[in-house]
Amino acid sequence: MRLDRSFFERDAVAVAKDLLGCFFVQNLKSNQIVGRIVETEAYGDATDLASHARFGPTPRSQIMFGPAGVLYVYKIYGIFSLANIVCGKTGEASAALIRAAEIVAGEVIARRNLAQSKFVKLNEQPATGPGKFSLALGIDTGHNGTDLAASPHLYLTRSPAGTEFKIATTTRIGVDYAKDSKDLPWRFYIKDSPFVSKR
DNA sequence: ACATGGATTCGCT
DNA sequence: GCGAATCCATGTT
């Protein structure tokens with residue numbers, strides 16, 4: 001059931017697509033929060049001008065060059081933590097960004113987490129965006145480097161057999177600065193899901 | 001040492 | 001459609 005390292009040790013585009021429908025689990029002391037992933041994006045190596053790896057292995061991005069299945073969390077706008085999973089073989093820089101999920105367990109805790117931030121509005125769809133997803137699941141920069149293939153607290157499980165959905169593909173959100181790379185069709189979401197960040 | 005700007009979200013115009 | 005919130009990684013001097 002649990003996604004192992006070989007799942008992540010592939011091309012980030014394939015991983016991002018295959019993550020749709022999978023469950024992201026955060027085990028707490030006596031509870032757990034689970035999100036069904038409905039939206040992802042892929043980020044590549046130095047040739048992807050939207051990727052943090054575009055400057056090579058800097059202190060922040062070097063984790064993207066490391067082993068697959070490791071969580072890469074970084075702070076954006078000084079406000080939100082965005083959750084990525086390192087993809088590809090060691091030495092190859094890439095990652096999949098989790099952009100949105102449907103909270104299927106631990107919603108009370110997820111909402112409590114969201115209420116901590118004065119920059120999110122509480123509504124009926126709590127994890128509809130990458131900043132809100134991380135908040136809801138209780139993921140912050142302290143989780144950077146966590147091995148999702150080994151951690152007892154954070155891991156993913158496979159999309160249940162028989163789950164049917166269509167995948168929509170678009171360009172990535174918020175990367176207009178990325179010149180030629182901004183038009184890469186590397187955003188994926190479950191078609192008709194009410195939990196995606198945008199249509 | 002300094003300047004720049006962002007893989008976001010929300011509220012106001 | 002636009003700007004603010006808020007911090008730190010990165011490039012430049």
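Order of the sequence lines sets the chain letters (A, B, ...), proteins ahead of strands, with each chain counted from 1.
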message: If I take atom CG from residue Leu49(A) and atom NZ from residue Lys182(A), how far apart are they, to the nearest 0.5 angstrom?
response: 11.5 Å

- prompt: Under 4.0 Å between a Lys/Arg side-chain N and an Asp/Glu carboxylate O for Asp48(A) and Arg172(A)?
  reply: yes

- prompt: Have Glu39(A) and Ser197(A) got a donor and an acceptor in their side chains that come within less than 3.5 Å?
  reply: yes

field: Asp180(A), CG atom: more than 12 neighbouring heavy atoms under 6.0 Å
entry: no

message: Please evaluate residues Phe133(A) and Phe24(A) with respect to the criterion ring pair (Phe, Tyr, Trp, His ring centres under 6.0 Å), reporting the C-alpha separation (whole Å), side-chain torsions for both, the decisive distance (0.1 Å), and the verdict.
response: CA-CA 10 Å; Phe133(A) 168 81; Phe24(A) 203 120; 5.6 Å; yes

- line: Hits for side-chain contact (heavy atoms from CB on, under 4.5 Å) against Lys198(A), two or more places apart or cross-chain, chain-then-number order -> Ile173(A), Arg187(A)

message: I'd like the 5' and 3' limits of the part of DNA chain B contacted by chain A, with heavy-atom contacts below 4.0 Å.
response: dG6(B) to dG11(B)

query: Any ion pair linking Lys75(A) and Asp140(A) (charged N to carboxylate O, less than 4.0 Å)?
result: no

query: What is the distance from atom OG of Ser61(A) to atom CG of Asp45(A), rounded to the nearest 0.5 Å?
result: 11.5 Å

message: I'd like to know if the side chain of Arg99(A) pairs up with that of Thr40(A) as donor and acceptor (distance under 3.5 Å, no hydrogens or angles considered).
response: no

task: Answer with yes or no whether the side chains of Asn84(A) and Tyr74(A) bring together a donor and an acceptor at under 3.5 Å.
output: no

- prompt: Mind checking the P distance from dC2(C) to dG6(B)? Whole angstroms is fine.
  reply: 15 Å

field: Intra- and inter-strand pairs of DNA chain B in dot-bracket (Watson-Crick or G-U wobble, both distances under 3.5 Å; | for another strand)
entry: ||||||.|||||.

- line: Within residues 68-93 of chain A, those residues having any heavy atom closer than 4.0 Å to DNA chain C are Tyr77(A), Gly78(A), Ile79(A)

- line: CG (Leu156(A)) and CG (Leu71(A)) are apart, to the nearest 0.5 Å, by 9.0 Å

query: Is the charged tip of Arg5(A) near the ring of Phe7(A): under 6.0 Å from the six-membered ring centre and within 45° of its axis?
result: no

query: Once you round to the nearest 0.5 Å, how far does CG of Leu20(A) lie from CZ of Arg36(A)?
result: 8.5 Å

task: With a 4.0 angstrom cut-off to heavy atoms of chain A, pull out the first and last contacting nucleotide of DNA chain C, in 5'-to-3' order.
output: dA5(C) to dG11(C)

message: Using a heavy-atom cut-off of 4.0 Å across all strands, would you classify Arg172(A) as base, sugar-phosphate, or nothing?
response: nothing

message: Give the residues of residues 174-194 of chain A touching DNA chain C, defined as any heavy atom closer than 4.0 Å, sorted by residue number.
response: none

- prompt: When rounded to the nearest 0.5 angstrom, what distance separates CD in Gln32(A) from CG in Leu154(A)?
  reply: 11.5 Å

task: Find the distance between CG (Leu137(A)) and CG (Asn113(A)) and round it off to the nearest 0.5 Å.
output: 8.5 Å

- prompt: Does Lys118(A) or Met64(A) map to a spot on DNA chain B nearer the 5' end, using the closest nucleotide for each?
  reply: Met64(A)

